[in-house]
Structures are given as structure tokens and as C-alpha cells.
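Okay, structure first, notes after.
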There are 2 protein chains.
Amino acid sequence: MALSETNSWTGIREILLRRINDREWSPGEQIPHEAALAEEFGCARATVNRALRDLADSGLVIRKRRAGTRVAQSPPQRATLTIQVIREEVEALGRSYRHSLLGRTEKPLPPALHGAFPVAPDADQLFLTTLHFADERPYAYEERTINPDAALDARSVDFSKISANEWLVHNAPYSHGDLAFFPVSADERLSQKLDTAPGTALFAMERTTWAGETPITHVRMIFAAGYRMRTGI
Amino acid sequence: MALSETNSWTGIREILLRRINDREWSPGEQIPHEAALAEEFGCARATVNRALRDLADSGLVIRKRRAGTRVAQSPPQRATLTIQVIREEVEALGRSYRHSLLGRTEKPLPPALHGAFPVAPDADQLFLTTLHFADERPYAYEERTINPDAALDARSVDFSKISANEWLVHNAPYSHGDLAFFPVSADERLSQKLDTAPGTALFAMERTTWAGETPITHVRMIFAAGYRMRTGI
DNA sequence: TAAGATAATATGCATGCACATATTAAGGTG
DNA sequence: CACCTTAATATGTGCATGCATATTATCTTA
């Protein structure tokens, strides 16, 4: 074969991809092992390894030690969403950003939420509600809980100057988090804040971030009507 | 330092991660170059490279040749969504799957859609509407356009036996696609199909897949009430 | 001084080798 | 024949080295 694509790991990935797409190797079928491919392409095994690892990362092949590499049965469609700080998201659209702090209270967490946000029952949490604007029109409504034990200076920050969203990103690094998207119907209060008709279907996102075992913040963000979350595959 | 974490690329990644999280290296700041880190950790440069490449993949550092590596200003939150074939998604929930083909027509694409789905104006497209069930309750409603020029045998497939979703995954490999999520309000027709009250806010997904420049299929999937799309960060 | 050529440098990647590790296959034993 | 041990094997990863490539800094030259 000896194509010009050989010798670079991306080139080899393209060759392998083509064989999979052309059904030269069918789903579920085992493909030649690294050493054999390396010999065929006249490159080092590490180069084949890099290409196969990339295909495995995108879910197209399944690799197991000793068992070899096989083509995935139904290649899952993996999409990577990039969730930016809202200010950056708005500014990237070429619109001007502003936010308004609607409310700030400190009180213990309602018992119902202790499952999802495990903090000491009597420890005050910081509750913020914020409205984000793009070109002076409502863009998203945010309800947030911050655990002051995890975000140490949070109590003394003026969140009307910097949004909690942005402050936390820069000051409370998290190890992991979970994320959910779902639709909500605008009630009277929401429709007023987001300047839309009651009953409008809105896009909502909920996120909890953690520093190890300690929850840092929980946020529910509800976007104004017309919001679409997009990505490539 | 010479921790036990040294000598494996994941260990080195953890050390680097800790330095970033502890603000030992602040956002925007340039970090030592690969050779220096390799010397510090007593490992090969390739090992440091692997760790840094991984951090760059997850968006925590920005790398440029000659310019070096610096900590990202606001680490974007990247979430990877895995979108399975609906049958597998339902079965993974431990529920039984069934689908029902509600409609099948062949007609040219409405002119309004030629921008998003560029096919010959007079070429017949295959239009399918499908209802997906989990445990005999409606799970998602699907409206799909298939370009028969890209999915060659599509016209002769009995989509009441195998869902278009699943057939395409196995028979029409795509090179790329785009994906959008948004909310819709259930109208009379939708609320009937999905067995919910009119006006309910529903989660919708739209996806177009391509084989190079040729569009393969466009699908709009509307999920029954209560659906949440979840992922980790 | 400004523009262009040139050198320096950090990352990107390929190679050949060695060893680690998970998993399967084969062999042996009661 | 079931069970355990042992060997074989494919992938995973580390190392040292060399060269490629993008980008920045520096040095010329008009």
C-alpha cells in the first residue's frame, strides 16, 4: 500500500477509518493487532497505537489488552459540549453583557436537598439569584447555592460586580461535576424575569461541581426563549 | 519532589493538575517547558508531553509551539455527551423497547430546507415519522429526512422492523454532523403522541449527519415529558 | 527606523526498544 | 470433568533520541 498518508499517526488513522467505514472491517470484527498494522504501514508500533487510541477515544473501536481491538457495534455518537462562562458566551455572539444580582441570602440548606448537595445541616449556604443580559435583553436566569466551606471567600465577594458564575470559575477549582439539561415551562415569575409569555418552553441546565467529596456549588440556569445549545459531532 | 506519582503519565498529570488548582501556576501564566518538567520529575520528555497533551485535550492548558504552555484563563467546562441508538438507551434503563412507524412518504425536499439540507431540488427524499416506546409508554417522537443518494438501500428497507435510527447507524457511516438541543411546547398533535398535556415543555434534539459534503439524514427527536439529558464533567 | 532574513526555541511527532499488565488459551491435577 | 496453575499474547506505557514545525526573538539591510 505505502500511501503518502502513512508515517503520520493522523494519516494512519484516516486509513483505518476508511476501512471501518467501507466495511472492510465490519462492526464487531477484530482488526489486525498493532504489530501487524505497523509492519503493513512500515511504521513503528507506537504510531499505530496513537492512531488506534484516537479511534478508541472517539468510540469507534473497542480495545482490550490481550483481547485485541475490534470495531464498535454501534458507534456511539459522542458530542463535546463546551460550556463557557456566560459573559464569554454572550460576548462571543457579538452582544454586550451585563448581569444583575436579584437576591442574596444566607441560610441552611433545605433538608430536601441534602441528598444532592451534602453539606452540614446547620451550615449556612449562600443563595444567589442572578439575571444575565445580552444587549440589555434577558438571556438567562440563574439560581445558585454556594457552599462557603468550599469557596472560602465567597461570603465577602460583591456578586453584583462580578457574577458568581465567573468568580467561581476563577476561584473555586473543581475536580468534577455533573450536568443535566431539561425543559421547563415558564411560570408567571419566570416569564416576567425572562420577558416571555407564560407557558413558553425554556431550556434549563442544572450543574453541581465538587472538589473531591465536597460540593462547591449547585446552579440552575434557565435560558430565555429561543435558546439552542449547539455542537458538532 | 520525586513522589510515587512520578514516572507514570497519569501521575504527572495529577501533579500538574494540583499545581494548577492550587494556583501555584495561575491562569494565564506560562508553565515550565517540557524539558524542564521532565528533568524535575526525572522522566522522559515524552511522558511529560503525554500528561500535558491530556490536560490540553480537556481544555485546562493551552499549548502552542515555541510559545510554550500556559494555564487557560477560564477553563471551559467540557462535557461529553454520548448519544446512543434509542433502543440501547432504553434497554440500558432496564426497560423494554419497541417502535412504531407512523408515516413514510417520498417527496422532494421543501425549498425552505435546502439551506440546511443541500440536495438536488427535484430528488425525492424519504420522510419518516416514528414513535419510540419504553415499556409500552411513549419515549420519543421522531421526524426524519433521509437522502436516498447517501443511504443507498434506504428505499427498500422496512423501517417498521428496524428503526431508521438503528439502520442508519449500521449502514450509513457519517464523517461529521451537527447537533442542537432546544425546548418545545407540546402542541395538540405532539401531546397526543407522547401522552402528555398540551403545553408541556419537552426536550428536543435536532441532528444532521454528513458523508463529506453530502447530507445523509436530518432528524428531529422530541422526548416525552420528564426526560433529562445527563452527563458528567 | 521599518521591513525582511535568520537564528533560537518549545512543542509535535516518529522510531526502536524494553517491560508492565490484563486477559485468554493451554496444560495439568484431583 | 471441573478447577487451578501456567504460559502466551495484545495492548499500555516508559525511555532516549532525532528530526519537523510553528512561532518568537534577533540581527541585517535598505
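Letters A, B, ... mirror the listed sequences (proteins, then strands); counts begin at 1.
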Does the ring center of A:Phe181 lie less than 6.0 Å from the ring center of A:Phe203?
-> yes
Of all the choices, C:dT15, C:dC13, C:dT24, which nucleotide is nearest to the side chain of A:Ala67 once you look at every atom?
-> C:dT24
Pair B:Glu24 + B:Arg18, salt bridge at N-O below 4.0 Å = no
Take the protein atom CD of A:Gln30 and the nucleotide atom P of D:dT9, then report the distance between them rounded to whole Å.
-> 14 Å
Start with the C-alpha gap between B:Tyr139 and B:Glu89, add the side-chain angles, then the distance that decides, and say whether side chain to side chain contact (heavy atoms under 4.5 Å, CB included) holds.
-> CA-CA 11 Å; B:Tyr139 186 79; B:Glu89 180 177 326; 2.6 Å; yes
Nearest-neighbour nucleotide for the A:Trp9 side chain, C:dA22, C:dA14, D:dG12 considered | C:dA14
Does any donor-acceptor pair link the side chain of A:Arg45 with the base of D:dT13 at a separation under 3.5 Å?
-> yes
5' priority, DNA chain D, between A:Leu52 and A:Ala46 [closest heavy atom] | A:Leu52
Reckon B:Thr47 has a side-chain N or O less than 4.0 Å from the OP1 or OP2 of D:dC15?
-> yes
Rounded to whole Å, the CD1-C1' distance (A:Ile62 to C:dA22) equals 17 Å
Among the candidates D:dT24, C:dA22, C:dT15, find the nucleotide nearest to the side-chain atoms of A:Arg66.
-> C:dA22
Under 4.0 Å: is that the gap between some side-chain N or O of A:Thr69 and OP1 or OP2 of D:dT11?
-> yes
Does B:Arg50 put a side-chain nitrogen or oxygen below 4.0 Å from OP1 or OP2 of D:dG14?
-> no
Using whole Å, report how far CZ of B:Arg53 lies from C1' of C:dA10.
-> 15 Å
In terms of the nearest nucleotide of DNA chain C, which residue is placed more toward the 5' end: B:Arg63 or A:Lys64?
-> B:Arg63
Between atom NE2 in A:His33 and atom P in D:dG12, what is the gap in whole Å?
-> 13 Å
Once you round it to whole Å, what is the distance between P of C:dT23 and CZ of A:Arg70?
-> 14 Å
When you measure from the side chain of B:Arg65, which nucleotide among C:dT15, D:dT21, D:dG12 comes out closest?
-> D:dT21
Here the distance between atom C1' of D:dA16 and atom CZ of B:Phe41, to the nearest Å, is 19 Å
Integer-rounded Å distance: C:dT15 C1' and A:Glu39 CD | 16 Å
D:dT11 P sits how many Å from A:Asp54 CG, rounded?
-> 16 Å
A:Phe159 vs A:Trp167 aromatic rings, parallel, tilted or perpendicular, using cut-offs 30° and 60°?
-> perpendicular
Between D:dG12, C:dG12, C:dG16, which nucleotide has the shortest distance from any of its atoms to the side chain of A:Glu34?
-> D:dG12
A:Glu166 with A:Arg87: basic N within carboxylate O range, under 4.0 Å = yes
Below 4.0 Å: OP1/OP2 of C:dG12 and any side-chain N or O of B:Asn49 = yes
